[in-house]
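This report concerns only the one structure given below.
Throughout, a chain's letter reflects where its sequence line sits, starting with A, and its residues are numbered from 1. The figures here come from the full heavy-atom set of this structure, side chains too, leaving out hydrogens, waters and symmetry mates. Computed from a predicted model, the values in this text were never measured in an experiment.
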Amino acid sequence: MSASVAFEKARAEGRAALVGYLPAGFPSVAEGIGAVKAMIESGVDLVEIGLPYSDPVMDGPVIQRATEQALAGGVRTRDVLHTVEAVAGAGVPVLIMSYWNPVEKYGVDAFARDLAAAGGAGLITPDLIPDEAQEWLAASDAHKLDRIFLVSPSSTDERIAMTVAHCRGFVYATAVMGVTGARDSTSSAAPTLVARVKAAAGNLPVGVGLGVRSGAQAAEVGAYADGVIVGSALVSALADGGLPALRTLTQDLRSGLTP
Amino acid sequence: MLPDDRGHFGPYGGRFVPEALIAALDELDAHYRKAMADPEFTGEFERMLRDYAGTPSLLYDATHLSAHVGGARILLKREDLNHTGAHKVRNVLGQALLTKRMGKGRVIAETGAGQHGVASATAAAYLDLECVVYMGEVDTKRQALNVARMKMLGATVIPVTTGSRTLKDAINEALRDWVTNVDDTHYLLGTAAGPHPFPAMVRDFVRGIGVEARAQCLALTGALPDAVAACVGGGSNAIGIFHAFVPDADVRLYGFEAGGDGIETGRHAASITGGSHGVLHGSRSYLLQDEDGQTIESHSISAGLDYPSVGPEHAWLHDQGRARYQPVTDAEAMDAFALLCRTEGIIPAIESAHALAGALRVLPALREELGHEPTVIVNLSGRGDKDMHTAGEYFGLFDSGEVIG
Ligand SMILES: Cc1ncc(COP(=O)(O)O)c(C=O)c1O
């Protein structure tokens, strides 16, 4: 099930899609699976499962700590694929978000094959740009997977056009210059970036990430983006308040998007 | 001429970074190319290297050491005599000058033992730039004196408390800072690794080592050396001395990696000889990683070599067979450290002692292969003042008050 399904459904309901991120293996593989299921039950339209990595340069402290804990608990790449498999039947598309080296180490085609077999929709690659992605472009074609590359406020128009031309599923717009982490105010750069991306993206949905932590902020972002991506705030909720807090925040975020 | 215009050395190098950094890397690449073609920039860089850093460094005919090891001619490229005590000053002056030219007012740097941090703080003080140095918390405790040096020079030192709290995590934190503050900040990376254009740019800033050594060797001996040896951490001093010799097919190039307790123990920092292909910190190269591609922590008695990857050009030179890479254990390096102290009255950096140990190890085979006494240039990349704590503990100088020998 491609990520585009989630965007179409939300669009049909006249709202932006809610995209929720949680790392696999946090706080344990089984509890992580439970958390993703709770997030789906509470209203996310699309799930991103983070593959914990030793050197997460795009992540702020919250996600760093969670993925460190997952790694310390012994999470393996196969556990991440298992997590995808365990939640893929719950009715929403499931993507993996991974730094590049673990994918390359697994074998790019093998990873694509096993992700597809697990029922995953595709892969978000925060440190892989299309310029370096030959093998992944081929593997994602062969196994019919979404590939989501990132664009940023510093991307030139040429790079935005090139990047969206290589995306399938949606385009991930990182709204602020910086690492992941909840912020009090969403970025003023975001609407401008989304407009620039939309001009290049045609019908491809644009998701906006980095910083959203409340229903009110989700509403703000949902007014100009096709999808609102939430990570650190959900991880914090799960870390501090367990499943009840995770459900409450997810519902709040989702209510912010209800027309 | 490598790399290609996207920073590839064969399959290595490139850019494996968030898209948010691509514009800054493109900007840096454009400025650096222009600067290197601008006599005003290259002239000022040369002037700073000469008048401020004290280059060209000597090529010292180490006759005592040579006699001690039985005849070869060992020439030491004395980068230890540069201002701040290592080859690293060349790279930081180049990048700091480029930072000025780009109109940026702030530099950030990572440091392990503190050498690159001190060099960066020095260049920042000299060129009036704000300087922030990221250093693993573990390292700030191990290297308190260098932390004080950086602060004395006006830099802010930020202890990094994530991951393994060492050099690789300091690089991660510097990259996070850069992604956030890229408009007014240059990331002054300390070695010939990272995303394009860093490996090529750092090489070009330090390649004077080899250019000088080549001319000095010709002047001194009337011939090129038979071999050139350097230690390899991230790879900057090694590529700096190798590069001018790469076209000289008869000059053997040896890179000595930190073998730590020995490759077989798994406790080492030998990315090429004990690692595998992968991507870390923005480029494809060799690295220490587990089955899942998670980075494995490196181990070496030498903080400057304690890094789990290596610059992409070395990966390429290795695969081409143009340079040969071998591990040198902590124990071998410390033997060479002591030997150089005693024979020549030169206390080398422990990093550089790896190069010397490796060179001494390959001498017999080289002598046999050549049928004459080999001439070998060893890059003495730095001085050992910073290492006296480690050396003092290793040789038991603090407990007994005795000296070795
Ligand atoms: C004296 C000296 N030599 C060598 C190195 C290793 O770095 P590289 O491999 O980049 O030359 C260092 C790093 O701190 C150093 O201080």
Side-chain angles (χ1 to χ4, degrees), chain A residues 51-61 63-65 67-68 71 74-80 98-107 111 125-134 149-156 158-160 162-163 171-181 210, chain B residues 5-8 11 13-27 160-165 168-185 194-196 276-285 287-297 308-309:
Chain A
L51 192 153
Y53 175 53
S54 53
D55 295 275
V57 294
M58 269 289 271
D59 286 306
I63 292 177
Q64 283 178 46
R65 269 198 296 275
T67 53
E68 252 177 52
L71 287 171
V75 72
R76 301 285 313 264
T77 300
R78 62 171 175 265
D79 297 319
V80 181
S98 180
Y99 290 94
W100 189 240
N101 196 52
V103 177
E104 191 157 298
K105 187 67 181 171
Y106 195 93
F111 189 90
T125 51
D127 63 349
L128 183 73
I129 54 175
D131 318 50
E132 300 281 0
Q134 248 67 352
F149 295 105
L150 278 56
V151 293
S152 106
S154 64
S155 304
T156 60
E158 294 75 42
R159 286 201 62 82
I160 288 176
M162 185 279 290
T163 303
V171 187
Y172 194 130
T174 55
V176 283
M177 293 298 287
V179 295
T180 56
L210 295 181
Chain B
D5 57 8
R6 296 211 327 244
H8 297 113
R15 282 179 179 170
F16 294 83
V17 290
E19 166 67 20
L21 287 177
I22 297 297
L25 292 168
D26 279 342
E27 180 196 17
V160 175
T161 56
T162 51
S164 58
R165 304 177 182 213
K168 82 173 179 65
D169 308 284
I171 296 179
N172 293 340
E173 209 52 39
L175 285 166
R176 292 182 188 116
D177 179 317
W178 204 31
V179 130
T180 310
N181 300 303
V182 66
D183 277 348
D184 71 333
T185 298
H196 178 64
S276 53
H277 289 155
V279 166
L280 179 67
H281 293 146
S283 64
R284 181 179 283 119
S285 184
L287 59 111
L288 306 184
Q289 57 185 330
D290 71 11
E291 252 181 280
D292 279 357
Q294 308 287 348
T295 310
I296 294 174
E297 270 179 64
S309 186

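Side-chain atoms of A:S154 come within 3.5 Å of backbone N or O of B:A20 as a donor-acceptor pair. No side-chain donor-acceptor contact under 3.5 Å links B:D292 to the backbone of A:R76. Side-chain atoms of B:Q289 never come within 3.5 Å of backbone atoms of A:P102 as a donor-acceptor pair (strictly under, hydrogens ignored). Under the 3.5 Å distance criterion, the side-chain polar atoms of A:N101 are matched with a main-chain donor or acceptor of B:V279. A donor-acceptor contact shorter than 3.5 Å links the side chain of A:E132 to the backbone of B:R15.
When each of B:V17, B:I171, B:N172 is checked for a side-chain contact (heavy atoms from CB on, under 4.5 Å) with A:V57, only B:N172 meets the rule.
Proximity to chain A is limited to the side chain of B:S276, based on heavy atoms less than 4.5 angstrom apart. With a 4.5 Å cut-off on non-hydrogen atoms, B:D183 does not touch chain A at all. If you measure heavy-atom distances from A:P56 to chain B, the contacts under 4.5 Å come from both the backbone and the side chain.
If you tally non-hydrogen atom pairs under 4.5 Å between each of B:T162, B:L287, B:I296 and chain A, the highest count goes to B:T162. Top candidate by heavy-atom pairs under 4.5 Å with chain B, chosen from A:Q64, A:M58, A:E68, is A:Q64.
Scanning all heavy atoms of the two residues, the minimum distance from A:D131 to B:R6 falls at O-NH2, 3.0 Å.
One distance of note links CG of A:D55 with OG of B:S309; it measures 10.5 Å at 0.5 Å rounding.
Using a 4.5 Å heavy-atom cutoff, the side chains of A:Y53 and B:T295 are in contact.
Checked by atom type, the side-chain pair A:S152/B:E19 shows no donor-acceptor distance below 3.5 Å.
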